[in-house]
J.: 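The structure that follows is given in the form of structure tokens.
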There are 2 protein chains.
Amino acid sequence: MEKSFAVAALSALAQETRLEVFRLLVEQGPDGLPAGVIGERLKLPAPTLSFHLNQLRHAGLIGSRRESRSIIYAANFNAMTALVGYLTENCCRGQPERCLPMVNPAACVPVKRNGKHARA
Amino acid sequence: MEKSFAVAALSALAQETRLEVFRLLVEQGPDGLPAGVIGERLKLPAPTLSFHLNQLRHAGLIGSRRESRSIIYAANFNAMTALVGYLTENCCRGQPERCLPMVNPAACVPVKRNGKHARA
DNA sequence: CAGATGATTCCATCATTCTGGAAATATGGA
DNA sequence: TCCATATTTCCAGAATGATGGAATCATCTG
């Protein structure tokens, strides 16, 4: 993962409204939700929601598809995983046992992607 | 984890310089590094670095201790884990198999903390 | 095509954040 | 005490981000 991608993703999530939107979509799973429903649940004016959905989409954290009049948004789970992996990458110089007393091993070596960071 | 904590942590990381600092400290492990060394490695003017270290510290992502004239900063691995857990919490309405085709199980159900989100 | 519905773009306003020089504070050594 | 080192605080200018009303675009139905 690129540093600029990570910054974009983190910036997108670093805002209360967007974080709520994202978590709602993560909870929903791959099926996602139409913009209207999201706005209804989180009580957001349409332009505000649209702005935030755009930020999340440009950051690659969510995807969208049109379905009749609605536009359905869904979390991008690959991006989520990649971001988490980027944050925790190389933790403790590859000696995760050094932070294991404090964290779950999975968080320290989370992304098993063509074996690159795998250790467990 | 509180929503406001998560937003603070994400805001702190959503900035290129701070993300670099944090990743450097994650790599260093619990021993951490003195501010001066961080500034040297990342080529940052002291006031700029100090500003960013403060942001990270206020967000709870790093801790500091004085050691003679130096101030040593180290990543807070508990906070890191909690943040990752918050992002991925309840993914796919507790049916992680729905996003498993896309992500590593560990990323979907990462934080085993008093059994609250544990599933594997 | 006309009307209704779902969503986006435009844009001005307001608010927050980043940057680094100069000055200040803390610690240790001669 | 005086000086050097390590780091922080102060501050102001520059840049970036959020908000929501009005207008616009896209799609479906009759």
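Lettering of chains follows the sequences in order, A, B, ..., and the numbering in each one begins at 1. Just so you know, these numbers use all the heavy atoms, side chains as well, and skip hydrogens, waters and symmetry mates.
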J.: Could you pull out the protein-nucleic contacts involving nucleotides 22-30 of chain C (nitrogen or oxygen on both sides, under 3.5 Å)?
T.:
none

J.: Just to confirm, is there a sub-4.0 Å distance from OP1 or OP2 of D:dT7 to any side-chain nitrogen or oxygen of B:Asn54?
T.: no
J.: Within this structure, what is the CG-to-C1' distance between A:Leu56 and D:dG17, rounded to whole angstrom?
T.: 14 Å
J.: What's the CD-C1' distance between B:Glu40 and D:dT5, to the nearest Å?
T.: 13 Å
J.: When you measure from the side-chain N and O atoms of B:Gln15 to the phosphate of D:dT16, is any distance below 4.0 Å, counting only OP1 and OP2?
T.: no
J.: Both B:Ile71 and A:Thr48 contact DNA chain D. Taking the nearest nucleotide for each, which residue is further toward the 5' end?
T.: B:Ile71
J.: Hey, could you give me the NE2/CD1 distance between A:His52 and A:Ile38, rounded to the nearest 0.5 Å?
T.: 12.5 Å
J.: Nearest-Å distance, CG (A:Leu44) to C1' (D:dG21)?
T.: 16 Å
J.: Can you check the B:His58 NE2 to C:dT17 C1' distance for me, whole Å?
T.: 15 Å
J.: How long is the gap from CG on B:Leu13 to CE on B:Met80, to the nearest 0.5 Å?
T.: 10.5 Å
J.: OP1, OP2 of C:dG6 versus side-chain N and O of A:Tyr73: anything below 4.0 Å?
T.: no
J.: Nearest-Å distance, CG (A:Leu49) to C1' (D:dA18)?
T.: 14 Å
J.: To the nearest angstrom, how far is A:Glu16 atom CD from D:dA18 atom P?
T.: 13 Å
J.: Grab the two heavy atoms, one from A:Ser70 and one from A:Pro34, that are nearest each other, plus how far apart they are.
T.: CB-CB, 4.0 Å
J.: Rounded to whole angstroms, how far apart are CG on A:Leu10 and P on D:dG17?
T.: 14 Å
J.: For B:Ala35, report the nucleic acid contact type (base, sugar-phosphate, nothing); a contact means any heavy atom under 4.0 Å.
T.: sugar-phosphate
J.: Under 4.5 Å between side-chain heavy atoms, hopping through other hydrophobics if needed: is there a path connecting A:Leu25 to A:Val37?
T.: yes
J.: Side-chain heavy atoms nearer than 4.5 Å, only ILVMFWY residues, links allowed to pass through others: does that put B:Leu10 and A:Phe51 together?
T.: no
J.: Is B:Glu20 salt-bridged to B:Arg18, cutoff N-O under 4.0 Å?
T.: no
J.: Check whether any side-chain nitrogen or oxygen of A:Arg18 sits under 4.0 Å from OP1 or OP2 of D:dA18, and answer yes or no.
T.: yes
J.: Please determine whether a side-chain nitrogen or oxygen atom of A:Ser70 lies at a distance below 4.0 Å from atom OP1 or OP2 of C:dA7.
T.: yes
J.: Would you find a donor on one side and an acceptor on the other, under 3.5 Å apart, between the side chain of B:Asn76 and the backbone of B:Gly63?
T.: no
J.: Nearest to the side chain of A:His52 - D:dA6, D:dA18, C:dT19?
T.: D:dA18
J.: Between C1' on D:dA26 and CZ on A:Arg65, what's the gap in Å once rounded to a whole number?
T.: 18 Å
